Amino acid sequence: MVKVYDDFSEINTVAGVDVAYDKEANELVAGIVVIDLDSFDVIDSNWARAKQNFPYVPGLFSFRELPSIIKCLRDIKIAPDLFVCDGQGIAHPRRFGLASHLGVLFDIPSIGCAKTKLLGEFVEPEVMRGAYSYLFDKDEYVGSVLRTQSNVKPVFVSPGHRVSIESSVEYVLKLSPNYRLPETTRMADQLVRQQLKAGN
DNA sequence: GCGACAG
DNA sequence: ATCTTGTCGC
């Protein structure tokens with residue numbers, strides 16, 4: 001099952017994962033970009049399409065998005081040390097969001113970084129970059145609400161697999177020096193959008 | 001019954 | 001997610 005504590009030696013490469021929906025083709029387009037954590041250089045990337053065989057249902061996100069992601073991962077040559085997903089980790093009704101699902105599937109540490117929350121209560125974090133508060137469901141801490149940029153809406157960070165809440169915050173912060181979302185997420189998003197625009 | 005609800 | 005103008009807040 002999901003391990004919500006640090007269980008990794010060192011993180012040198014991080015993979016950003018993002019999926020977009022092609023309404024015309026009724027297909028999901030996944031994009032993955034693997035970067036070197038120190039230089040932010042892209043060292044591998046790929047994209048893939050998959051038919052939408054499952055609708056968008058809050059809480060069942062994985063069933064809709066994973067097929068395309070798995071297909072995309074098939075041709076990634078450099079296995080990343082960490083996955084950063086556009087979605088939730090354990091901040092999920094079953095404590096098993098997209099990031100958790102992907103992490104367990106490949107047994108690779110993973111973090112969920114979402115733009116909005118699926119569930120949980122929290123107090124607004126301070127306005128400076130780096131400030132964060134905890135997200136809790138009932139009496140259980142399931143993630144954090146992190147300010148990646150000063151005076152900008154915070155992001156919802158939650159452990160996926162083999163990463164603690166504190167480390168999740170640390171890595172997302174490190175990956176978001178200039179924008180609200182992690183560079184990995186932005187790069188994966190760009191890759192996907194580029195393919196859609198090109199009609200691929 | 002009412003509100004909330006990752007992308 | 002995606003479609004899109006004017007509008008609100010700092």
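Quick caveat, the model's predicted, so the values are computed rather than measured.
- Proximity of A:Leu82 to A:Ile111: side-chain heavy atoms (C-beta onward) are separated by under 4.5 Å at one or more points.
- The stretch residues 161-169 of chain A has no heavy atom under 4.0 angstrom from DNA chain B at all.
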Nucleotide-resolved protein contact map, nucleotides 2-7 of chain B, B/S/- at heavy-atom distance under 4.0 Å: ---SBB
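- Counting only distance, with no hydrogens or angles, the side chain of A:Asp6 and the backbone of A:Ser164 share a donor-acceptor pair below 3.5 Å.
- Within a 6.0 Å radius of CZ in A:Phe122, more than 12 heavy atoms belonging to other residues, nucleotides or ligands are found.
- Near DNA chain B, meaning a heavy atom under 4.0 Å away, there are no residues from residues 132-159 of chain A.
- Applying the ring pair (Phe, Tyr, Trp, His ring centres under 6.0 Å) definition to pairs two or more places apart or across chains, none involves residues 64-85 of chain A.
- The same ILVMFWY cluster, assembled from side-chain heavy atoms under 4.5 Å apart, contains both A:Leu181 and A:Leu173.
- When the C1' atom of C:dA1 is taken as reference, atom CD1 of A:Ile69 falls 14 Å away, rounded to whole Å.
- Side chains of A:Tyr132 and A:Glu166: a donor on one and an acceptor on the other come within 3.5 Å.
- A:Phe96 and A:Phe156 fall within the same hydrophobic cluster, defined by Ile, Leu, Val, Met, Phe, Trp and Tyr side-chain heavy atoms under 4.5 Å apart, directly or through other members.
- Regarding A:Lys23, its NZ atom lies at a distance of 8 Å from the C1' atom of C:dC3, rounded to whole Å.
- For A:Tyr179, there are no ring-ring contact (aromatic ring centres under 6.0 Å, His included) partners at least two apart in sequence or on another chain.
- Grouping the Ile, Leu, Val, Met, Phe, Trp and Tyr side chains by contacts below 4.5 angstrom, directly or via other members, places A:Tyr134 apart from A:Ile90.
- For the salt bridge (Lys or Arg N to Asp or Glu O under 4.0 Å) test, no residue two or more places apart in sequence or in another chain qualifies with A:Glu126.
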Considering only distance and modelled atom types, tabulate donor-acceptor pairs under 3.5 Å from the side chains of residues 32-42 of chain A, sequence neighbours left out.
unit_1: A:Asp36; atom_1: OD2; unit_2: A:Asp38; atom_2: N; d: 3.1
unit_1: A:Asp36; atom_1: OD2; unit_2: A:Ser39; atom_2: N; d: 3.0
unit_1: A:Asp36; atom_1: OD2; unit_2: A:Ser39; atom_2: OG; d: 3.2
unit_1: A:Ser39; atom_1: OG; unit_2: A:Asp41; atom_2: N; d: 3.2
unit_1: A:Ser39; atom_1: OG; unit_2: A:Asp41; atom_2: OD2; d: 3.1

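- In this view, A:Glu124 and A:Arg147 satisfy the salt bridge (Lys or Arg N to Asp or Glu O under 4.0 Å) rule, not counting sequence neighbours.
- Residue pairs meeting the side-chain hydrogen bond (donor to acceptor under 3.5 Å, both in side chains) criterion with at least one partner in residues 87-116 of chain A, sequence neighbours excluded, are A:Ser62-A:His101, A:Asp86-A:Lys115, A:Arg95-A:Asp137, A:Arg95-A:Glu140, A:Asp107-A:His161, A:Asp107-A:Arg162.
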Sugar-phosphate or base contact per nucleotide [nucleotides 4-10 of chain C; S, B, -; heavy atom under 4.0 Å]: -------
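- Stem analysis of DNA chain C (Watson-Crick or G-U pairs, both distances under 3.5 Å, runs of at least three) returns none.
- A:Glu27 is linked by a side chain to side chain contact (heavy atoms under 4.5 Å, CB included) to A:Ala25, A:Arg49, A:Lys51, counting only residues two or more places apart in sequence or in another chain.
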